[in-house]
Novice: 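Can you keep this structure in mind? I'll have questions shortly.
This is a predicted model, so every value here is computed, not measured. Note that ligands are numbered from 1 as they come in the structure, with each ligand's atoms numbered from 1 the same way. Numbers here are sequence positions counted from 1.
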Amino acid sequence: MDRIRIVGGHRLNGTIPISGAKNATLPLMIASLLTDEPLILENVPRLADVILLQRILGNHGVDLMIAGKRADTDPNSGRTIHLSAKQIVDTTAPYDMVSRMRASFWVVAPLLARMGEAKVSLPGGCAIGTRPVDLLIMALEKLGADIEIESGYVVAQAKRGLRGGRIEFPKVTVGGTHVALMAAALARGTTEIENAAREPEVSDVADCLNKMGAKISGAGTSRIVVEGVEKLHGATHSVLPDRIETGTYAMAVAMTGGDVVLQNARPELLMTALDVIRKAGATVTSTNEGIRIARNGSGIEPVEVTTEPFPGFPTDLQAQLMALVTRAKGTSHITETIFENRFMHVQELARLGARIRLYGDTATIEGVSRLRGAPVMATDLRASVSLVIAALAAEGETMVNRVYHLDRGFEKLEAKLNACGAQIERLSA
Ligand code: UD1
């Protein structure tokens, strides 16, 4: 297995291009199942999760063509992929695929809406606490699906097609909102989705579905209305920039000090996180190119933060923020309200010298003046990158093991950081 070696203590200066958002790319690719015409996605990041989803969709009969592989193509621009689900050859998504990437469960919605049936494995355990799919199933039932659980599979049927209905989520769910949107797009009649997720990736998917002929209004608010249509057609859509990657590099710069432009980043996608980064002592400015982050001289200030659905502080930046405030001049509190057990990074950060105590869903982080490099283990996607942030500011060498988690969500992490003066390299096994 690959490892990443980081020698800390270098400030970051330069430009980091921000890739297309992983969390929009995955549902957008899945939406290709809704039509027999090609869906062309631009600005797709090169990530392990995208490659895995290509294989999963291939299994259902989606033809995939990747453009932009020529040698003279800018290596930092995203790829363009053509997905064509002319014929769905299989409506089953097996356990060995769904268990490797939770979001692949969402294929249940387009398969059911277009083919009237889907058999999709339950996703199974996950490193960041129980992540049930009860609300996704509830949404499909409200649209008239018959659902049984058989031998670990969700077997969904709607032989006479789905029909519009009222879906009220008792809790904000991003996956539930994606599933409801995709299913309702091809249902007969009107669907109202109440307490919908307002995440920018939901709006991006709704925009793309509208380009494909869907009639969706209200995406980006907590009430979305979908007028079902009989058929969707092909479209071309460019994936929005990754706000989690943006926030991650912003925190890396706040951690090491320096001055970096996050190219293509859009501040409105992460206002709450940028406010927190400002409170922690960095300067944040919007520029024509993207977002400029700098910290020179001043130390890191402690923060009080609670994770919340969008537009609140994202759970996907919680681990990175915790890494940042391990070196604050005082005590910080970070409360995680979205996922229980999303604190695996705490033990690993402690190996670098961080002082963190956990009480229930709140971490108390007492800032220390120095961290020291050590061998650490990447446990999940966002936890792994928090270790990289801490290591960039630690004295000496940190070896991050199990880096495949990083490859799932961060495109060219080492190259982007090295170009700004970090000392980070991948050691292949
Ligand atoms: C998505 C993101 C993930 C992010 C999360 C929250 C993708 C590919 N993943 O995950 O990076 O951390 O949103 O912003 O976009 N829940 C239920 N029942 C359900 C579904 C969810 O109880 O049927 C709960 C979950 O356990 C969790 C909360 O709802 O406590 C939010 O989960 P959800 O928004 O659905 O997360 P994902 O869509 O899986």
Side-chain angles (χ1 to χ4, degrees), residues 20-31 45 47-50 52-53 56 98-109 120 122-142 147 149 154 156 167-183 193 195-206 222 239-240 242-245 247-248 269-270 272-273 306-321 335-345 361 380-386 405 408-410:
K22 170 181 91 79
N23 284 355
T25 303
L26 302 179
L28 286 167
M29 288 172 70
I30 290 173
L47 297 173
D49 270 7
V50 170
L52 180 60
L53 186 57
I56 294 173
V98 182
S99 59
R100 290 170 64 189
M101 182 176 42
R102 243 188 86 81
S104 61
F105 181 83
W106 303 344
V107 299
V108 68
V120 179
L122 285 163
C126 171
I128 55 173
T130 49
R131 291 175 80 175
V133 289
D134 55 320
L135 300 177
L136 283 63
I137 291 175
M138 176 279 280
L140 295 173
E141 283 177 337
K142 294 280 184 201
I147 298 192
I149 309 289
V154 172
I167 302 167
E168 188 172 348
F169 287 112
K171 176 173 191 177
V172 176
T173 153
V174 173
T177 308
H178 284 314
V179 159
L181 274 181
M182 286 192 255
I193 308 170
N195 199 23
R198 289 181 283 165
E199 269 65 4
E201 294 75 21
V202 167
S203 307
D204 204 41
V205 170
S222 50
V239 179
L240 90 170
D242 197 315
R243 64 194 165 98
I244 304 303
E245 191 196 26
T248 300
L269 302 180
L270 69 163
T272 309
T306 298
T307 62
E308 280 165 8
F310 191 85
F313 187 91
T315 174
D316 286 351
L317 286 174
Q318 180 256 108
Q320 296 90 316
L321 178 66
T335 302
E336 171 60 55
T337 67
I338 311 290
F339 293 112
E340 78 246 41
N341 303 339
R342 199 175 203 180
F343 283 125
M344 270 90 50
H345 42 287
D361 59 4
D380 72 51
L381 176 54
R382 312 303 177 183
S384 322
V385 83
S386 78
H405 288 292
R408 289 188 42 216
F410 289 91

Novice: Might you work through the salt bridge (charged side-chain N to carboxylate O under 4.0 Å, His left out) test for Arg342 and Asp316, ending with a clear yes or no?
Specialist: CA-CA 10 Å; Arg342 199 175 203 180; Asp316 286 351; 2.9 Å; yes
Novice: Give me the atom names and distance for the closest heavy-atom approach of Phe169 to Leu135.
Specialist: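 In this case the closest contact between Phe169 and Leu135 is CE2-O, 3.6 Å.
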Novice: Find out whether Leu47 and Thr25 are in side-chain contact, i.e. whether some heavy atom of one side chain is under 4.5 Å from a heavy atom of the other.
Specialist: no
Novice: Using distance alone, with no hydrogens and no angle criterion, decide if Thr315 and Glu336 have a side-chain donor and acceptor under 3.5 Å apart.
Specialist: yes
Novice: So which bit of His178 gets within less than 4.0 Å of ligand 1, heavy atoms only: side chain, backbone, both or neither?
Specialist: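 No part of His178 comes within reach of ligand 1.
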Novice: Measure the shortest side-chain to side-chain distance between Pro309 and Ile338 over non-hydrogen atoms and say whether it is less than 4.5 angstrom.
Specialist: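 Of all side-chain heavy-atom pairs linking Ile338 with Pro309, at least one is under 4.5 Å.
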Novice: Heavy atoms, side chains only, cut-off 4.5 Å: are Phe310 and Val202 in contact?
Specialist: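 Phe310 does not reach Val202 side chain to side chain.
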Novice: Show your working on side chain to side chain contact (heavy atoms under 4.5 Å, CB included) between Thr307 and Thr335 and close with a plain yes or no.
Specialist: CA-CA 6 Å; Thr307 62; Thr335 302; over 6 Å; no
Novice: Compute the shortest N/O to N/O distance between Asn23 and ligand 1 and return yes if it is under 3.5 Å, no if not.
Specialist: yes
Novice: Between Phe310 and ligand 1, which part of the residue brings a heavy atom under 4.0 Å of the ligand: side chain, backbone, both or neither?
Specialist: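 Contact part for Phe310 vs ligand 1: neither.
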Novice: Any N or O of Ala103 that comes nearer than 3.5 Å to an N or O of ligand 1?
Specialist: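 In fact, backbone or side chain, Ala103 has no N or O that close.
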Novice: Is ligand 1 less than 4.0 angstrom away from at least one heavy atom of Gly176?
Specialist: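 In this structure, Gly176 fails to qualify as a contact of ligand 1 - no heavy atom is under 4.0 Å.
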Novice: For ligand 1, note which part of Arg102 has a heavy atom under 4.0 Å away: side chain, backbone, both or neither.
Specialist: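 The answer is the side chain.
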Novice: Mark up the atoms of ligand 1 that fall under 4.0 Å of a heavy atom belonging to Ile338, in ascending order.
Specialist: 27 (C), 30 (O), 31 (C)
Novice: On a heavy-atom basis, which atom in Leu240 and which in Pro200 lie closest, and how many Å separate them?
Specialist: CD1-CB, 3.8 Å
Novice: Check Ala319 against Ser386 and note the closest heavy-atom contact, atom names and distance.
Specialist: O-CB, 3.2 Å
Novice: With a cut-off of 4.0 Å, which atoms of ligand 1 are near a heavy atom of Gly175?
Specialist: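 Near Gly175, meaning under 4.0 Å from one of its heavy atoms, ligand 1 has 35 (O), 38 (O).
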Novice: I need the contact type for Asp316 against ligand 1. Using non-hydrogen atoms and a strict under-4.0 Å cut-off, is it side chain, backbone, both or neither?
Specialist: side chain
Novice: What are the atoms of ligand 1, with element, lying closer than 4.0 Å to any heavy atom of Arg342?
Specialist: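 Near Arg342, meaning under 4.0 Å from one of its heavy atoms, ligand 1 has 12 (O).
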Novice: Should you measure from each heavy atom of Thr315, which atoms of ligand 1 turn up under 4.0 Å away?
Specialist: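 Those atoms are 6 (C), 12 (O), 14 (O).
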Novice: Is it the case that the side chains of His178 and Glu201 hold a donor-acceptor pair, with the cut-off being a distance below 3.5 Å and no angle test?
Specialist: no
Novice: I want to know if ligand 1 touches Asp134 in the polar sense, i.e. an N/O pair below 3.5 angstrom.
Specialist: yes
Novice: Do any N/O atoms on Val174 end up under 3.5 angstrom from N/O atoms on ligand 1?
Specialist: yes
Novice: Measure Val172 to ligand 1 on non-hydrogen atoms and call it side chain, backbone, both or neither using the 4.0 Å cut-off.
Specialist: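 The backbone, only.
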Novice: Where's the contact between Trp106 and ligand 1, heavy-atom distance under 4.0 Å: side chain, backbone, both or neither?
Specialist: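 The part of Trp106 near ligand 1 is the side chain, not the backbone.
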